[in-house]
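Heads up, the thing below is written out as structure tokens.
Small disclaimer: the values here were computed from a predicted structure and weren't measured.
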Amino acid sequence: MQTFYFSLSVKYDYCERFYEPGFNTVVMTDDNGKRVQLPVLNLRPFVGPTGLHGRFRLTVGDNNKIKEFVKVN
């Protein structure tokens, strides 16, 4: 199992793309510089009126399947 931490600050205008057909994944860089690809459907619950902001933790299993994606701050 691996755990990744991200600080995200994305304006609402960009977050609107998360709902467009064909926009299925985003690539993020964690605090240690590791690039991780994540389905946008995991980000959608955290989009608010000002966009997507906060600190997040991603936990993946040995098969690289997402076990947990949560806002920690």
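A continuous path of hydrophobic side-chain contacts links Ile66 to Val40 [ILVMFWY only; heavy atoms under 4.5 Å].
Looking at Val60 and Lys65, their side chains never come closer than 4.5 Å, going by heavy atoms from C-beta outward.
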For residues 12-19, please give each side-chain donor-acceptor pair under 3.5 Å, one per line with the distance, not counting sequence neighbours.
none

Could you list the donor-acceptor pairs under 3.5 angstrom formed by side chains in residues 23-33, with sequence neighbours left out?
residue	atom	partner	partner atom	Å
Asp30	OD1	Asn32	N	3.0
Asp30	OD1	Gly33	N	3.0
Asp30	OD1	Lys34	N	2.7
Asp31	OD1	Arg55	NH1	3.4
Asp31	OD2	Arg55	NH1	2.9
Asp31	OD2	Arg55	NH2	2.4

Pair Leu43-Leu8, side chain to side chain contact (heavy atoms under 4.5 Å, CB included): steps then yes or no: CA-CA 10 Å; Leu43 298 175; Leu8 300 176; 4.2 Å; yes
Taking it one step at a time, do Thr59 and Phe4 satisfy side chain to side chain contact (heavy atoms under 4.5 Å, CB included)? CA-CA 6 Å; Thr59 306; Phe4 305 94; over 6 Å; no
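For the atom pair CG of Leu52 and CZ of Arg44, the computed distance is 12.5 Å after rounding to the nearest 0.5 Å. To the nearest 0.5 Å, atoms NE2 (His53) and NZ (Lys11) are separated by 9.0 Å. The NZ atom of Lys67 sits 12.5 Å away from the CD atom of Gln2 when rounded to the nearest 0.5 Å.
For the side-chain contact (heavy atoms from CB on, under 4.5 Å) test, residues two or more places apart in sequence or in another chain that qualify with Lys71 are Phe46, Phe56.
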